[in-house]
Amino acid sequence: MAINNPQQAYQQNKAVTSSPGELTLMLYNGCLKFINLSRNAIEANNVQLRHENLVKAQNIIRELMVTLKTDNELGKSMLAVYDFILSRLVEANTENSVEKLTEAEALVKDFRDTWKEALQIDRKHRHTGK
């Protein structure tokens, strides 16, 4: 199957060639993108677009939840926060709530920023040997 859209081809290739850590970062960024699109839809009173984008954000959080290793306290704590984020996204959808969307967004940004920093530290250690 040929891909006619160069942007789509780039994204598909990026997903195939990325490390697990980079894929996780892509998931966080995708979730934030869908949250932002949902916020715009709420402000435009576009129920269908709000719902579609919030379902996409919820699916990303669910994916992060099912792939999380919960055999230690950190994993268990992260799972609890993911569950909270998921509940806020569901409530933002059912209640048309920008406030609950903002709560979820802040937590996803924290995870994303922490993950991005961890990847940068890991890359630095791998390339410098320190």
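Predicted model only: the values in this text are computed from it and were never measured.
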Which heavy atom in I35 sits nearest to a heavy atom in A57, and how many Å separate them?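 What the structure gives for the nearest pair is CG1-CB, 4.2 Å.
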
Which pair of non-hydrogen atoms, one from C31 and one from I60, has the smallest distance, and what is that distance?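 Taking every non-hydrogen atom into account, N-CD1, 3.5 Å.
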
Given the rule that I, L, V, M, F, W and Y join up when any side-chain heavy atoms are under 4.5 Å apart, are [X] and [Y] in one cluster?
| X | Y | value |
| --- | --- | --- |
| M78 | L89 | yes |
| L79 | V81 | yes |
| V98 | V108 | yes |
| L37 | M26 | no |
| L107 | Y28 | yes |

Which pairs pass side-chain hydrogen bond (donor to acceptor under 3.5 Å, both in side chains) with one or both residues in [range], sequence neighbours excluded?
| range | answer |
| --- | --- |
| residues 60-80 | N59-R62 |
| residues 84-99 | R50-N93, R50-N96, H51-N93, R88-E91, R88-E103, E91-K100, E95-K100, S97-E99 |
| residues 106-118 | N29-R112 |

Test side-chain contact (heavy atoms from CB on, under 4.5 Å) on L64 and L68; report intermediate values, then the result. CA-CA 6 Å; L64 291 166; L68 184 65; over 6 Å; no

Do any side-chain atoms of residues 38-45 form donor-acceptor pairs under 3.5 angstrom with protein atoms, and if so which ones, sequence neighbours left out?
unit_1 : atom_1 : unit_2 : atom_2 : d
S38    : OG     : F34    : O      : 2.8
S38    : OG     : L54    : N      : 3.2
R39    : NH1    : E105   : OE1    : 3.2
R39    : NH1    : E105   : OE2    : 3.4
R39    : NH2    : T102   : OG1    : 3.0
R39    : NH2    : E105   : OE1    : 2.9

Heavy atoms from other residues, nucleotides or ligands near CD of Q120 exceed 12 (cutoff 6.0 Å):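 Yes, the 6.0 Å shell around CD holds more than 12 heavy atoms from other groups.
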
The criterion is side chain to side chain donor-acceptor pair (under 3.5 Å); which residues satisfy it with N36, sequence neighbours excluded?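 Side chain to side chain donor-acceptor pair (under 3.5 Å) check on N36 returns nothing, list empty.
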
Where at least one partner belongs to residues 58-94, residue pairs that pass ring-ring contact (aromatic ring centres under 6.0 Å, His included), sequence neighbours excluded: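 For residues 58-94: Y82-F111.
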
